[in-house]
Amino acid sequence: MSEHKDFLRTIVEEDLASGKYEEVVTRFPPEPNGFPHIGHAKSICINFGIAKAYGGHCNLRMDDTNPTTEDTKYVEALKDAVEWLGFKWEDGVRYTSDYFPKLYDYAVELIKMGEAYVDSLSEEEIREYRGTVTQAGRRSKYAQRSVEENLALFEQMKNGECKEGEHVLRAKIDMGAANMKLRDPLLYRIRHAHHYRAGDVWHVYPMYDFAHCLSDYIEGITHSICTLEFENNRAIYDWVLDTLGLTAHRPYQHEFARLGINYTVMSKRLLLELVKSGKVSGWDDPRLPTIAGYRRRGYTPESIIHFCDSIGVAKANSTVDVAQLEFAIRDDLNTKVPRVMCVLDPLKVTLINYEGSEVLDASYYPEDVPKEGSRALPFSKELYIEREDFSLNPPKDYNRLTLEQPVRLRHAYIITCKEVVKDAEGNIVEIKAEYHADSKSGVDTSGIKVKSAIQWVDAATAKIVEVRLYDRLFQDEAPQSLEDVNPDSLHIIKNALIEPAVILDRPDERFQFERQGYFYADPVDYTDQNPVFNKIVGLKDSWSKKKKIDTPILKPQVKNEQIEGEVSAMSVAEQALFDRYTGELQLNPEVANTLARDAKLSSFYETALGECDSPIGLANIIANEVARELKEKEVRELKFTPMQIAQLVKMIEDETISTKIAKQVFEEMVLCGEDPTHIVEAKGLVQISDPAFILPIIDEVMAKNPDNVEKYRAGNTKLFGFFVGQVLKATEGKANPQVVNALIEEKLKH
RNA sequence: UGGGGUAUCGCCAAGCGGUAAGGCAACGGUUUUUGGUACCGUUAUUCGGGGGUUCGAAUCCCUCUACCCCAUCCA
C-alpha cells in the first residue's frame, strides 16, 4: 500500500480515534448464488484488509435470504476464494439464514410499533402504486390494518397458510419519498421454497434491506462496506436500525466503486451465460475473471492482492486496464519462478559439425533473481528452435538467426546457419548449422558477437507437452453481451517440446518459458502422459510492439465540445433584487445573481446591510462563505448572526484583519457563534503589516529552502506561492499577505 | 425528468486555500547470454466547461455539461 489512505481507512481511523468504536469489525457478505470474481477479491481485500490493518476482525457471511437462487456449491466456492487469498474469518462462517428467528422477532416488533404492515396488493399493483421517479406513489389501503390484524396475518404467512404473492410485509415509511427505496420497502415475502440451509421450516423470507442491516447489527459490525449501487439503500439501513432503537453500537454503511476491468465482464448474469452456453469450459475456465479461473490459470494470491491494493479505493466508477493486472502477476512471478526452455513451434536444427552428446548445467534463475538451483540440460546434434527465431528475409533490427547472423543457443553454444532445407512447397523444414566449439556458455573464448540468445530443446530428450495459450475473452474493450466474445481466445498447442527436467524433476508448478511468458502446470488436466501447461501471461515484448509501429494508427483527436445549458429565468421578485444589487449597490452580477436567487441568502444579506454600509464586502462573504453554511441549514440553525458578519466585514474594511484571518475567524464563528471581535482578541489575530517584522521571516524561509530559491530564479515562478505560503504559515496567518507578496517579490529578484 | 452519486494524464489514483504525488501504459537511454528483469530519464503551465470570491483556487461560492445508480416480492 502506498502512503496515502483511501477514504474508507480514513473513516475507520477517525472512528477509532474519536472512540466511536473500540475495535473495527467488518464483514464480507456475498450472496451464494454465483462464483466469486476479481471484483469480490477487491471487496475481500478491502474488508479483510482493513480489519487486519486496524487490529479488528472480519466475518465471512453468506447473505442467503433468497432460497430460490442460492446453493451450497457457491458457499464452498466463496470460502475457497477467501481462503486461497490467505484471509481468515472470525469464528465460523456466518449465515443470514441463521438469524431468521431473530429477524422475524424484529419484524414483529416493527409491526407492534405500527411501523410495518402486511400488504395484500398484487405484485403489479405494488409496482403501480410505487409511482415513478418523478411522481410520488400512493399508499395501499391495507396500510390501515390494525396492529392485531397485521400480527395475525404475518403469523399466518410464517406458518405457511398463505399463497406466494398473497401478502408481503412492508415498512411504513413514505410513499412520496424522492428516494424510491423509501416508498414503503418490502421487508418479507412468502416463499414456499426449500432453503439449501434452513430447510423447509420457513415460509417467509426477509428481503435484503431488512436482513442486511440487522445482520450487521447482530454481529457487531462497525463499518458495513458495500458497493456504490447501494447508496440509496443506506436510507433504509439507517431507518430500520434507528426505528428499532438499535442505536447503541450500531454499524454504518459506506460505499465504494466496484471494480471493472476492460476486455472482460464482471456481471453475474453474463458470467453465468458464458458458463451455461459452453463458451467457456466452466467456472474455473482460465479465461474467466473468476477467482477459480485466475487460480487455474496460474495467478498467485499475492498477485491478486497486490493488484487490488494497486488500484485504490474510491467512489468514481472506473475501468482498470487489464495491463495493470498483468503487471501484478509478472512482477510477482519474476522473482519466484524457475526459467526453463520450451519450443512452441519447432524448427529442426542439425549441427553438422557436432557428434555425440553432453549434459550442460544450466541455472534455473537469472543473475538478478536471488535464488539458487540448476538443472541438467542435454545437448546433442539434433535440436529444435522456435520457427520465429530464424528468418530468411530478416526485418530491420532482427536479432535472431539468419543466413548471415549467428545466434547463441541459451546456456549452450553459438551457431551459424549453413544451409536451409525446404520441402516441395518451399516451406523451411530444417536448418543445417555449425556450432562453435569454443563458444560454450560461461567459457566462451570465440570472440563471436551475437545479438541474442534463443531457447532450444534437444531433439532426443525433449518431452512433448500440451500448451494452452489464452487471449482476452472479449474483443470489445467494454463488452455488453456474448456477441462480443473473442472467437480466438484459446489456442491449444498439442506438440510443444520442453526440456526434460521440467517433466522429470518438476522443480515447481509455475515456470517462465524463457522469452515467452509464465506458465502453470494445469491442476486439473495435467498427467504424466499428457502434461498440460497454461499460459499465465506473456513477457513484455518490445520487439513485436516495435514491428507494429510501422503502421501507426492515427486516432482522430476529437475533443468533445462542452454544451452550455440554459440557466433558468429569475422570478420577478428575484429579478428586482438582482437589479437593485447590481445597480444601486454596485454588486458584481455573479454575486448579485447568487444572492438574488436564494431567499435565505438575500434575507440574510438584507439584515446584515442594516448593520454595515459596505454592500460589496458583505455580499462577497455572504455569497461565498455564508452560502456554504446555508446549503443544508436554515438561517435560525446558524450559530452566527448577520450582525456578527457585519462586524467581521468592518474589521476587514478597516484593515484590522486580512481576508485570510477573516476566514479563520469565520470558521470559528460557525462553530461557537462568538463575536468576531472576541475571537480576534482572544487569539491575537491582528494583522501584521510591519516589514521589520516580516523581513526576517522571509530571510529564514529563503535560507531554509535554498534549492527553491534557485529554482525560482531559474524561472520557476510557480514557486512564488510557496514562499508566500511558508511566510504566512510561520506567522500563523497573521502577516499581511499583500505586504508579504511585495517583500518576497523584492527579495527574490536578486 | 425527482432523488442519490461521480468527474484530476491513455488507464487507475493522491491532493481538503500556498511547488499538480504515486502506480500501470507509452516513449527514450544504460546494464543484460531472456527483445525479460533492474536502473535512469521524458510524458498535466493545468484539474469536465464557464463565471465569481481571494494576494493566491484542483481545493471555497454560483452555474452549466457529461456519465453512473434508483420505479425486482434480487442482492
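A, B, ... follow the sequence lines: proteins, then strands. Residue 1 opens every chain.
- Base pairing annotation: A26(B) forms a Watson-Crick or G-U wobble pair with U42(B), both donor-acceptor distances under 3.5 Å.
- Where Arg628(A) and Thr134(A) meet RNA chain B, the nucleotide closest to each residue was compared, and Thr134(A) sits on the side nearer the 5' end.
- Partners of His254(A) by ring-ring contact (aromatic ring centres under 6.0 Å, His included), not counting sequence neighbours, listed by chain and number: His223(A).
- Applying the 3.5 Å distance criterion, the base of G17(B) shares no donor-acceptor pair with the side chain of Lys729(A).
- Ring to ring, Phe722(A) and Tyr712(A) are not that close: their centroids are 6.0 angstrom or more apart.
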- Sequence-aligned protein contact record of nucleotides 69-75 of chain B, with B where the base is within under 4.0 Å of a protein heavy atom and S where only the sugar-phosphate is: BSBSBSB
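- Rounded to an integer number of Å, the gap from NZ of Lys545(A) to P of G10(B) is 18 Å.
- In this structure, the ring of Phe519(A) has its center no less than 6.0 angstrom from the ring center of Phe511(A).
- Rounded to whole Å, atom C1' of U37(B) lies 16 Å from atom NZ of Lys336(A).
- Within 4.0 Å (heavy atoms only), Val567(A) reaches sugar-phosphate atoms of the nucleic acid but no base atom.
- Applying the ring-ring contact (aromatic ring centres under 6.0 Å, His included) test to Phe723(A) and every residue at least two apart in sequence or in another chain returns nothing.
- Considering only residues two or more places apart in sequence or on other chains, Tyr208(A) meets the ring-ring contact (aromatic ring centres under 6.0 Å, His included) condition with His212(A), Phe230(A).
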- Nucleotide by nucleotide, 5' to 3', does protein get under 4.0 Å of the base (B), only the sugar-phosphate (S), or neither (-) in nucleotides 40-51 of chain B, counting heavy atoms? -----BB-BB-B
- Query: Checking ring-ring contact (aromatic ring centres under 6.0 Å, His included) for the pair Phe256(A)/Phe7(A): CA distance, chi angles, key distance, verdict?
  - Reply: CA-CA 9 Å; Phe256(A) 69 94; Phe7(A) 76 99; 7.9 Å; no
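- Look at the P atom in both U1(B) and C69(B): the space between them is 16 Å, to the nearest Å.
- Within the 4.5 Å cutoff, no side-chain heavy atoms of Phe210(A) are placed close to those of Leu186(A).
- Among the atoms of the strands shown, base atoms are found under 4.0 Å from some heavy atom of Asn708(A).
- Residues meeting the side chain to side chain contact (heavy atoms under 4.5 Å, CB included) test with Phe327(A), sequence neighbours left out: Asp331(A).
- Here U63(B) is in the anti range [glycosidic angle more than 90° from 0].
- If you take atom C1' in G48(B) and the same atom in C67(B), they sit 11 Å apart, rounded to whole Å.
- In this structure, CD1 of Ile261(A) is placed 13 Å from C1' of C24(B), rounded to the nearest angstrom.
- Rounded to whole Å, the distance from CG on Leu595(A) to P on U53(B) is 13 Å.
- Close to C61(B), at under 4.0 Å from its OP1 or OP2, lies a side-chain N or O of Lys631(A).
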Give me the distances for all protein-to-nucleotides 13-15 of chain B N/O pairs that come in under 3.5 Å?
unit_1	atom_1	unit_2	atom_2	d
A14(B)	OP1	Val313(A)	O	3.4

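- Applying the side chain to side chain contact (heavy atoms under 4.5 Å, CB included) criterion to Thr594(A), with sequence neighbours excluded, gives Leu601(A), Ala623(A).
- Of the C1' atoms belonging to A25(B) and C60(B), the separation is 35 Å, rounded to the nearest Å.
- Shown here for Leu121(A) and Ser140(A), the closest heavy-atom pair between the two residues is CD2-CB, 3.3 Å.
- The gap from the C1' atom of U8(B) to that of U43(B) amounts to 16 Å, rounded to the nearest Å.
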- Task: Scan nucleotides 31-36 of chain B nucleotide by nucleotide, 5' to 3', and note B when protein non-hydrogen atoms come under 4.0 Å of the base, S if they reach only the sugar-phosphate, - if neither.
- Result: --BBBB
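- The side chain to side chain contact (heavy atoms under 4.5 Å, CB included) check on Asp332(A) picks up Thr300(A), Glu302(A), Ser303(A), Lys336(A), with sequence neighbours excluded.
- Here the separation of U65(B) from G49(B), taken at their C1' atoms, is 7 Å to the nearest Å.
- If you take atom P in C11(B) and the same atom in G18(B), they sit 28 Å apart, rounded to whole Å.
- Using a 4.0 Å heavy-atom criterion, one finds that Leu728(A) contacts the bases of the nucleic acid, with or without backbone contacts as well.
- Checked by atom type, the side-chain pair Asn588(A)/Tyr581(A) shows no donor-acceptor distance below 3.5 Å.
- Nucleic acid contact for Thr319(A): sugar-phosphate only, since backbone atoms but no base atoms lie under 4.0 Å from a heavy atom of the residue.
- Nucleotides U63(B) and C68(B) place their P atoms 24 Å apart, quoted to the nearest Å.
- Contacts of Lys440(A) classified as side chain to side chain contact (heavy atoms under 4.5 Å, CB included), with partners at least two apart in sequence or in another chain: Glu358(A), Leu360(A), Tyr413(A), Val443(A).
- Whole-Å rounding puts the Lys371(A) NZ to U37(B) C1' distance at 15 Å.
- Taking the ring axis of Tyr129(A) as reference, the NZ or CZ atom of Arg138(A) stays within 45° of it and closer than 6.0 Å to the ring centre.
- Between Val168(A) and Ile190(A), the closest side-chain pair of non-hydrogen atoms is not below 4.5 Å.
- Taking a pair to require two hydrogen-bonding distances under 3.5 Å in either a Watson-Crick or a G-U wobble arrangement, C67(B) pairs with G5(B).
- Protein atom NZ of Lys663(A) is 11 Å distant from nucleotide atom P of A57(B), rounded to whole Å.
- What separates CG of Asn262(A) from C1' of A25(B) is a distance of 11 Å, to the nearest Å.
- On a pure distance criterion of 3.5 Å, a polar donor-acceptor pair joins the side chain of Asn624(A) and the base of G52(B).
- The C1' atoms of A14(B) and A58(B) are separated by 12 Å, rounded to the nearest whole Å.
- Checked against a 6.0 Å centroid threshold, the rings of Tyr205(A) and Tyr188(A) do not count as neighbours.
- At the heavy-atom level, Gly725(A) lies under 4.0 Å from base atoms of the strands shown.
- Atom pair Glu632(A):CD and G3(B):C1' shows a separation of 14 Å (rounding to whole Å applied).
- The phosphate of U54(B) (OP1 or OP2) has a side-chain N or O of Asn620(A) nearer than 4.0 angstrom.
- Evaluation of the ring-ring contact (aromatic ring centres under 6.0 Å, His included) rule for Tyr518(A) yields no partner, not counting sequence neighbours.
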